[in-house]
Amino acid sequence: MTLLEPITTTHNASPEERGLVLGAIYNQVLERQPYKFERRQLAELEKGFLKGKIGIRHFLKSVAVSPVYLQAFYENSSNVKFIENAFKHFLGRSPHNEAEIREYDNMLVHEGVGAMVSALIDSEEYRKEFGAFTVPYWHQSNQYESPNDYLENRLLSREHAGDRGWAIPTLYWHELHLDCTGGKCRPTLKPSPRLR
């Protein structure tokens, strides 16, 4: 359940208001609310957020390296699919192209998940789109880098975690003539007409 509109908070928000924002963060980042056992794992982090000791960006960075997020999106996923999901969760879009995936894959391999996600959240793009008080959400761009960028964003915006598998990001499975609908990839009968 990816967010489609901005949810904001303020520096002086009440714990109740922050609780609503917390729910929105989970919808964006986990694509659901945490299960009870996951909530226990995140209890200290939630407590800090609800008391206003940490903000949205700090909370996002901490959730990204938590066992809850890593088990859901990293441990059973290929690196490139993980990167695609991280873009969706923290920047509200799909990667623009292969070069961007390679850049973040290199960072993921050499510096780890925390460094890669921090690079997304500390990016100029993140600051311009969401600032300090807005939960990242899926947003339409006025300009896409290519027709594929437009199509990949449309596909990823409709994808719920795992719907189209954990190995091949949408950027590649069309090029490989695979249909990964339903989470299992199989060859398509005819090549994709999409341009690269």
Side-chain angles (χ1 to χ4, degrees), residues 1-77 81-95 104 113-114 116-123 125-141 152-166 169-170 181-183:
M1 171 183 340
T2 303
L3 288 183
L4 300 175
E5 56 189 49
I7 303 291
T8 59
T9 186
T10 64
H11 191 65
N12 299 321
S14 68
E16 291 76 22
E17 291 168 327
R18 286 183 162 268
L20 294 174
V21 172
L22 188 65
I25 291 172
Y26 286 139
N27 282 340
Q28 174 64 21
V29 175
L30 296 178
E31 302 185 28
R32 60 176 169 77
Q33 293 301 301
Y35 301 120
K36 284 184 179 177
F37 75 93
E38 294 173 328
R39 204 127 214 169
R40 286 192 290 274
Q41 294 175 17
L42 298 166
E44 282 301 311
L45 190 58
E46 282 189 10
K47 191 174 171 184
F49 181 78
L50 293 173
K51 287 185 173 182
K53 291 183 177 178
I54 60 173
I56 291 173
R57 293 176 61 227
H58 182 114
F59 188 84
L60 291 172
K61 288 180 185 180
S62 298
V63 167
V65 294
S66 72
V68 173
Y69 188 80
L70 295 176
Q71 286 171 2
F73 296 101
Y74 181 70
E75 292 177 3
N76 296 316
S77 178
K81 187 64 182 177
F82 174 74
I83 291 166
E84 183 182 65
N85 278 321
F87 268 74
K88 177 181 181 182
H89 299 149
F90 301 109
L91 288 183
R93 66 169 175 87
S94 72
Y104 282 89
V113 170
M116 193 212 85
V117 172
S118 288
L120 294 174
I121 295 171
D122 292 337
S123 69
E125 177 182 347
Y126 181 98
R127 290 172 201 246
K128 283 183 179 175
E129 291 289 342
F130 312 117
F133 298 108
T134 301
V135 178
Y137 62 98
W138 190 267
H139 54 282
Q140 298 292 320
S141 174
E152 299 305 334
N153 271 283
R154 283 194 55 188
L155 287 169
L156 190 60
S157 71
R158 298 177 190 150
E159 180 181 332
H160 185 69
D163 280 352
R164 290 187 286 154
W166 295 102
T170 55
T181 306

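Keep in mind it's a predicted model, so treat the numbers as computed, not measured.
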Item to check | Set of side chain to side chain contact (heavy atoms under 4.5 Å, CB included) partners for Glu38, sequence neighbours left out | outcome: Arg32, Pro34, Tyr35, Val68
Next on the checklist: If you define the side chain from C-beta out and look only at heavy atoms, does anything of Phe49 sit under 4.5 Å from Val21?
Outcome noted: yes
Checklist outcome for this item: In short, Phe82 meets Phe73 closest at the heavy-atom pair CD1-O, 3.2 Å
Checklist entry - Is the shortest side-chain N to carboxylate O distance from Glu129 to Arg93 below 4.0 Å? => result no
Checklist entry - How many angstroms lie between NE2 in His58 and OG in Ser118, if you round to the nearest 0.5 Å? => result 10.0 Å
Checklist entry - Any side-chain heavy-atom pair from Thr9 and Ile56 closer than 4.5 angstrom? => result yes
Next on the checklist: Side chains of Tyr126 and Leu91, heavy atoms from C-beta outward: is any pair under 4.5 Å?
Outcome noted: yes
Next on the checklist: Under a 3.5 Å distance rule, please check whether Gln33 uses its side chain to pair with a backbone N or O of Tyr26 as donor and acceptor.
Outcome noted: no
Item to check | Pro15: partners by side chain to side chain contact (heavy atoms under 4.5 Å, CB included), with sequence neighbours left out | outcome: none
Item to check | Atom of Phe90, atom of Ile121 and distance for their closest heavy-atom approach | outcome: CD2-CD1, 3.9 Å
Checklist entry - Residues in side chain to side chain contact (heavy atoms under 4.5 Å, CB included) with Leu70, at least two apart? => result Tyr74, Glu75, Val113
Checklist entry - Can you name the nearest heavy-atom pair linking Tyr137 to Thr134, along with the distance? => result CE2-CG2, 4.2 Å
Next on the checklist: How long is the straight-line distance from OG of Ser14 back to CD of Glu16, given to the nearest 0.5 Å?
Outcome noted: 4.5 Å
Item to check | Nearest atoms (heavy-atom pairs only) where Gly114 meets Val65 | outcome: CA-CG1, 3.5 Å
Item to check | Glu84 with Lys81: basic N within carboxylate O range, under 4.0 Å | outcome: yes
Item to check | Any pair counted as side-chain hydrogen bond (donor to acceptor under 3.5 Å, both in side chains), so long as it reaches residues 59-69, sequence neighbours left out | outcome: Lys61-Asp122, Tyr69-His89
Next on the checklist: Give me the atom names and distance for the closest heavy-atom approach of Thr10 to Arg18.
Outcome noted: O-NH2, 4.0 Å
Item to check | Spacing of Glu46 atom CD and Phe59 atom CZ [to the nearest 0.5 Å] | outcome: 5.5 Å
Checklist outcome for this item: Sorted by chain and number, sequence neighbours left out, side chain to side chain contact (heavy atoms under 4.5 Å, CB included) with Lys51 holds for Lys47, Lys53
Checklist entry - Which distance, rounded to the nearest 0.5 Å, do you find between the CG of Leu50 and the CG of Leu45? => result 9.5 Å
Next on the checklist: Test of understanding: with side chain to side chain donor-acceptor pair (under 3.5 Å), list the residues that count as partners of Gln41, not counting sequence neighbours.
Outcome noted: none
